[in-house]
Amino acid sequence: MSPTLVLSLIAGYFTVLIIISLLTSRKATSESFFIANRNAPWYMVAFAMIGTSLSGVTFISVPGMVLGQAWSYMAVVFGYIIGYLVIGTVLMPLYYRLQLVSIYTYLEQRFGFWSYKTGAFFFLLSRAIGAAFRLFLVAGVLQFAVFDAMGVPFAVTVSVSILLIYLYTFRGGLKTILWTDAFQTLAMLTCVGVSIYLISSELNLGFKQMVQTIRDSELSRIYFSDLKDDKFFWKQFASGAFITIVMTGLDQDLMQKNLSCRNLQEAQKNMFWFTISIVLVNVFFLSLGILLYKFAEAKGIQLPLNPATGKVIGDNVFPLLATEHFTLFAGVIFILGIIAVTYASADSALTALTTSFCVDFLDIKRFPEQQQARYRKLTHFAFSVLLIVIILIFKAINDQSVITAVFKAAGYTYGPLLGLYSFGLFSRRSLHDRLVPYICLACPILTFIINANSKAWFGGYEFGFEILILNGLMTFLGLLAISRPASVVVNSAR
């Protein structure tokens, strides 16, 4: 694929997004930016959330990790179902009853000022890191496919990518993003389906043969044998449930979309159909992974190896095959797909970061609308710059699959949120509010120490994504230690 062709695809794609932005951001207010005037149709929200929740990490890392992890990731996906059930029946009724714009204001009503600010801080930290990881992945693919050949530095690729997101989101916010993400989800799903079809055709597999090939492959295994193995099914399943609760239910990004529905019933309907869709989509991605490795084997293609370990670099497999070994049409489909799924996630994250900071730290509602708009745009730009900086740092230090990095980072940064909300929902005790930040900072550090020494301390046990559960449990116990009985919790939202 020539750099000119790829640049033309990117330019045409963003032209469509800019047009959607101009049409949807007319007369946009802060309420439009933050919660889309609470008037979004549930089916549109459900469809848009698919692209938001997946990102370029799913598009590249999930197929790539099949070689080393087989279908162990599917256990995480099955855990999602439990997580979404908890969100729909426990968290969403709470958020709608309180009519929240930022979900972290619940913590202020339940515990107090410092708990509220601590929760909001950990969201900003978590989402900024997560969004940067995801953007790092797509920027790396664009660098590999286009900009290396043109001599463009990686820093320029990253900066341009994020500034393009800023351009189509800074005016309309969530009101615009619901439309752009719905478009991008459609583009992504089309690309996945076409990719599977084209690879199957290259391998001369009909539909039944393709299903049989995937089912019989050693790469479709799910691990039930060894509890100490970080791929063990029930560890992954529990991790998936808790990852979903914190990375969706306790995350302003995804819940901001849910809160834009007209009422709780429509939001719950959205969550039900979204759950079914997300499980099926992940099955497609894992199936695509098996077909990619089958294709490379059939064509005798040497896959990229990590020089330090001698193992295949999973994150590079799909980009390499798509841009150098597939047909031109398949390569175009790949580029469009990764752009669509990554920017659907990144634009939403940028808006959520802006929303949380404006509501939770600037208390923006106390200003007149004109001043709100000015502060909102400045904050939006500042977070754009921050994402660029984090991506460049991650570029310098990353040495593992990006999806593993994202979930491991989530285990440390979302753990305090899991502990705070669990304590608020399942305990009637109050807290010494000023001590909460210290507990929430100490527990991730202790979790890191335990994780680093788990093999020596626990007979060879290795933590996987369930490190999040450990962190949340330690935070809960820490909060219990600084709690006091309360027959009636002051300002309780329960």
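The model shown is predicted, which means the values in this text are computed figures rather than measured ones.
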Enquirer: Determine whether Pro416 and Pro444 make a side-chain contact, defined as any pair of heavy atoms from C-beta on separated by less than 4.5 Å.
Expert: yes
Enquirer: Does Ser126 reach the main-chain N or O of Thr413 with its side chain, forming a donor-acceptor pair under 3.5 Å?
Expert: yes
Enquirer: Shortest non-hydrogen contact from Thr118 to Pro437?
Expert: OG1-CG, 3.3 Å
Enquirer: How long is the gap from SG on Cys440 to CZ on Phe121, to the nearest 0.5 Å?
Expert: 10.5 Å
Enquirer: Any side-chain to backbone donor/acceptor pair from Ser217 onto Thr213? Under 3.5 Å, distance only.
Expert: no
Enquirer: Is it true that a side-chain atom of Thr447 and a backbone atom of Cys443 form a donor plus acceptor pair closer than 3.5 Å?
Expert: yes
Enquirer: Would you say Thr185's side chain and Phe47's backbone share a donor-acceptor pair under 3.5 angstrom?
Expert: yes
Enquirer: Indicate yes or no: at least one non-hydrogen side-chain atom of Ile177 is less than 4.5 angstrom from one of Thr169.
Expert: yes
Enquirer: To the closest 0.5 Å, what do you measure between CG (Leu135) and CD1 (Ile388)?
Expert: 9.5 Å
Enquirer: Scan residues 155-167 for pairs that pass side chain to side chain donor-acceptor pair (under 3.5 Å), counting only residues two or more places apart or in two chains.
Expert: Gln143-Thr157, Ser161-Tyr343
Enquirer: Quick one, Glu202 with Thr327, criterion side chain to side chain contact (heavy atoms under 4.5 Å, CB included). Give me CA distance, side-chain angles, the key distance, then yes/no.
Expert: CA-CA 10 Å; Glu202 282 288 322; Thr327 64; 4.3 Å; yes
Enquirer: Is it the case that the side chain of Ser220 and the backbone of Asp216 share a donor-acceptor pair, with hydrogens and angles ignored and the cut-off at 3.5 Å?
Expert: no
Enquirer: Got a sec, which residues hit side-chain contact (heavy atoms from CB on, under 4.5 Å) with Ile20, two or more places apart in sequence or on another chain?
Expert: Val16, Thr24, Trp179, Thr180, Phe183
Enquirer: Answer whether the closest heavy-atom distance between the side chains of Tyr43 and Trp273 falls below 4.5 Å.
Expert: no
Enquirer: Shortest non-hydrogen contact from Leu288 to Pro63?
Expert: CD2-CG, 4.3 Å
Enquirer: Could you check whether any side-chain N or O of Tyr104 sits under 3.5 Å from a backbone N or O of Leu250, counting only pairs where one atom can act as donor and the other as acceptor?
Expert: yes
Enquirer: List the steps and the verdict of side-chain hydrogen bond (donor to acceptor under 3.5 Å, both in side chains) for Ser348 and Lys257.
Expert: CA-CA 9 Å; Ser348 181; Lys257 283 186 170 65; 2.6 Å; yes
Enquirer: Step by step, work out the side chain to side chain contact (heavy atoms under 4.5 Å, CB included) result for Val62 and Leu286.
Expert: CA-CA 6 Å; Val62 170; Leu286 288 166; 3.6 Å; yes
Enquirer: Say you draw a straight line from CD1 of Ile199 to CZ of Phe326; how long is it, rounded to the nearest 0.5 Å?
Expert: 3.5 Å
Enquirer: Using the ring of each side chain (for Trp, its six-membered ring), is Phe78 parallel, tilted or perpendicular to Phe233, with breaks at 30° and 60°?
Expert: tilted
Enquirer: To the nearest 0.5 Å, tell me how far Ser72 OG sits from Lys235 NZ.
Expert: 11.0 Å
Enquirer: Taking C-beta and beyond as the side chain, do Ile467 and Asn471 meet within less than 4.5 Å on heavy atoms?
Expert: no
Enquirer: For the backbone of Ile81 and the side chain of Thr275, can you confirm whether one donor and one acceptor N or O come within less than 3.5 Å of each other?
Expert: no
Enquirer: Using the six-membered ring wherever Trp is involved, compare the ring planes of Phe383 and Phe357 and label them parallel, tilted or perpendicular (cut-offs 30° and 60°).
Expert: perpendicular
Enquirer: Quick one: are Ser102 and Gln252 in side-chain contact, heavy atoms under 4.5 Å?
Expert: yes
Enquirer: Can you find a pair of side-chain heavy atoms, one from Leu203 and one from Gln209, that are under 4.5 Å apart?
Expert: no
Enquirer: Identify, with sequence neighbours excluded, every residue that meets salt bridge (Lys or Arg N to Asp or Glu O under 4.0 Å) alongside Asp253.
Expert: Arg127
Enquirer: For a quick test of reading the model, state the closest non-hydrogen atom pair linking Ile87 to Gly249 and the distance between them.
Expert: CD1-N, 3.4 Å
Enquirer: Using atom types as modelled and distance alone, determine if a side-chain donor or acceptor of Asn270 lies under 3.5 Å from a backbone N or O of Ala46.
Expert: yes
Enquirer: Between atom CG of Leu167 and atom CD1 of Ile162, what is the distance when rounded to the nearest 0.5 Å?
Expert: 12.5 Å
Enquirer: Does the side chain of Val312 come within less than 4.5 Å of Tyr293's, by heavy atoms?
Expert: yes
Enquirer: Verify side chain to side chain contact (heavy atoms under 4.5 Å, CB included) between Tyr412 and Asn451, making sure each step is shown before the conclusion.
Expert: CA-CA 11 Å; Tyr412 294 110; Asn451 184 45; 3.1 Å; yes
Enquirer: Stepwise, does the side chain to side chain contact (heavy atoms under 4.5 Å, CB included) test hold for Leu292 with Phe295?
Expert: CA-CA 5 Å; Leu292 288 171; Phe295 177 87; 5.7 Å; no
Enquirer: A side-chain contact here means heavy atoms from C-beta on lying under 4.5 Å apart; do Tyr80 and Val77 qualify?
Expert: yes
